[in-house]
Structure formats: C-alpha cells, structure tokens
Amino acid sequence: MGPLKYVFQKPMPTGKLAKWQILLSEFDIVYVTQNAVKGKALAYHLAENPVGGEYELLKTYFPDKEVSFIGEDIVEAYDSWRMFFHEAANFKGVVIRDVLVSETGQHYLVFTKLKFLCTKNMAEYEACILGLRLAIDMNILELLVIGDSVLLIHQVLREWATKNTKILPYLHYVQELIKRFTKIEFKHVPRI
C-alpha cells in the first residue's frame, strides 16, 4: 500500500460570494476574497487587458462598491488642464498611469507596463514623464500636475535635493519637459 495522499479544498462560497462568483465567471474573471481592495487594482487590470478594436462599456452593476477619487474633485471645472499620475507595483511588474482632464472635464487615460526593473521612485518619475509627454503631444500649454509622490513633487519644485544618481537623469528630463509649458504647477495629494 502506497503513501496516503491528502486533498485539501477551499470551502465553497455561499450567499453573496457565490452570486458574484457566478456573475463574474461570465467575463472570465476569477473572484478571490481579500480584506481590502486598492485603487491599484484598476491600473493592473487595464494594463494587463488592453482594449482592442471597438470599446464596449461594461454593463455589470456592483451596488456594494463605489469608485471615487478622494482628496480632489476631478469633476470641478478648472481654468487649465490637470494631470493625475500614479504608479502601482506588484509581483508581475510595474504599471504607470496618467489621466489628463481638460477644462471642460474630458478625461484622457494613458497607461503602460514597465518592462524593466526599477525602484518605486523611478516608476513615479516614469509615470510623471509619460503624462507630461502626452500633454506636450496634445499641445497643452497650461497644466496642473497632481500626484501622491512627495519626493517627486518636492524635487521637481527644487525644494529637496536629489542625491540618488539613478533619479538625477529623470529629474533633469522632467525639468526639460517643464520648459515646454507656459504655466505648470505641481500639487501633492497624500496617498490614502
């Protein structure tokens, strides 16, 4: 007689969890329970599932969840363009994303996955540079840049010195891009 084999199975979800699992399986989405859902999840999903061809809106309604941006009302009208930048890292890599918002509230999203090893600070600079280059390509001359990176904001504003030799080229490149705008401001929004 051979060795005993033990098979462990996860408990089957019941109630609301079972309902969501069934609804999500239609879209090839696997539901995994976790304690907290972070805003980064959206960036990961968008970077790993690019939209090809004609875009169709997702018609699924999630009554228990609300998507919001805390700390800045992005619906409020401004007299200039705004750019929100963010980086998100996990074991699969780093995703950077930017949202440009026009004076009228029109949103332009750009995101990409970095295919090289980098530090968190380097990824934050990559995200900022991606958004600045998009704004330049769109001929935007006045811009309010909003991000959650204290280090990047204070270094760009020349309030903090930069000693890291890996960050210096990024900082110099951002300083060169800034010269392309007639008016540019940087604002730090604390990470929630």
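When a residue number appears, it is its place in the shown sequence, counting from 1.
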Student: Is the shortest side-chain heavy-atom distance between Val150 and Trp160 below 4.5 Å?
Tutor: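 Yes, close enough: below the 4.5 Å cut-off.
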
Student: Pairing donors with acceptors under 3.5 angstrom, does anything connect the side chains of Glu142 and Ser80?
Tutor: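 Side-chain D/A pair, Glu142 to Ser80: absent.
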
Student: Could you pull out the closest heavy-atom pair between Pro169 and Thr165, with the gap in Å?
Tutor: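 Closest approach of Pro169 to Thr165: CD-O, 3.2 Å.
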
Student: Any chain of hydrophobic side-chain contacts (each under 4.5 Å) joining Ile96 to Met138?
Tutor: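 As far as the 4.5 Å side-chain criterion goes, Met138 and Ile96 are connected within one cluster.
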
Student: Can you check whether Arg82 reaches Lys187 side chain to side chain, under 4.5 Å on heavy atoms?
Tutor: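 Heavy-atom side-chain distance check fails, nothing below 4.5 Å.
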
Student: Minimum heavy-atom separation for Val94 and Cys118, please, with both atom names.
Tutor: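 Nearest pair, atom of Val94 first, then Cys118: CG2-SG, 4.3 Å.
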
Student: Going by heavy atoms in the side chains, are Val156 and Leu171 under 4.5 Å from each other?
Tutor: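 Yes, their side chains come closer than 4.5 Å.
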
Student: Please report whether the ring centroid of Trp81 lies less than 6.0 Å from that of Phe181.
Tutor: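 No; Trp81 has its ring centre 6.0 Å or more from that of Phe181.
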
Student: Are Tyr125 and Leu157 linked, directly or through other ILVMFWY residues, by side chains that come within less than 4.5 angstrom of each other?
Tutor: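 Linked within one cluster.
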
Student: Which atoms form the tightest heavy-atom contact between Phe85 and Ser149, and what is the distance?
Tutor: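 Closest approach of Phe85 to Ser149: CE1-CB, 4.4 Å.
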
Student: Is the closest side-chain heavy-atom distance between Phe186 and Ile178 below 4.5 Å?
Tutor: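 Answer yes - side chains close enough.
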
Student: Between Leu132 and Ile184, is any pair of side-chain heavy atoms under 4.5 Å apart?
Tutor: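 Leu132 vs Ile184: side chains touch.
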
Student: Spell out, yes or no, whether Ile136 and Val145 are grouped together once hydrophobic residues are joined by side-chain heavy atoms under 4.5 Å, including indirect joins.
Tutor: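 Both belong to a single hydrophobic cluster.
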
Student: Linking I/L/V/M/F/W/Y whenever any side-chain heavy atoms sit under 4.5 Å apart, do Leu141 and Val174 land together?
Tutor: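 No, because Leu141 and Val174 fall into different hydrophobic clusters, even though each may have its own neighbours under 4.5 Å.
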
Student: Spell out, as yes or no, whether a donor-acceptor pair under 3.5 Å connects the side chain of His154 to the backbone of Leu152.
Tutor: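 Not confirmed, His154 side chain does not pair with Leu152 backbone.
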
Student: Is any side-chain heavy atom of Val110 less than 4.5 Å from a side-chain heavy atom of Leu100?
Tutor: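 No, too far: nothing below the 4.5 Å cut-off.
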
Student: Which heavy-atom pair separates Gln155 from Gln175 by the least distance, and what is that distance?
Tutor: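 Gln155 and Gln175 have their closest heavy atoms at O-NE2, 4.1 Å.
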
Student: In Å, rounded to the nearest 0.5 Å, how long is the span from CD1 of Ile140 to NZ of Lys183?
Tutor: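 Separation between the atoms: 14.0 Å.
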
Student: Just do the side-chain contact (heavy atoms from CB on, under 4.5 Å) check on Glu87 and Val95 with the steps written out, would you?
Tutor: CA-CA 6 Å; Glu87 60 76 32; Val95 175; over 6 Å; no

Student: Please give me the minimum heavy-atom distance between Ala135 and Leu143, naming the atom from each residue.
Tutor: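 Closest approach of Ala135 to Leu143: CB-CD2, 4.0 Å.
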
Student: What are the two closest non-hydrogen atoms of Gly131 and Asp98, and how far apart are they?
Tutor: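 For Gly131 and Asp98, the tightest heavy-atom pair comes out as N-OD2, 3.3 Å.
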
Student: Do Arg133 and Tyr173 come within less than 4.5 Å of each other through their side chains, counting heavy atoms only?
Tutor: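 Sidechains of Tyr173 and Arg133: in contact.
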
Student: Can you tell me if Tyr170 and Glu126 form a side-chain donor-acceptor pair at under 3.5 Å?
Tutor: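 Per modelled atom types, Tyr170 and Glu126 side chains form a pair under 3.5 Å.
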
Student: Same cluster or not: Leu117 versus Ile167, using hydrophobic residues (I, L, V, M, F, W, Y) connected whenever any side-chain heavy atoms lie under 4.5 Å apart?
Tutor: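 No, separate clusters.
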
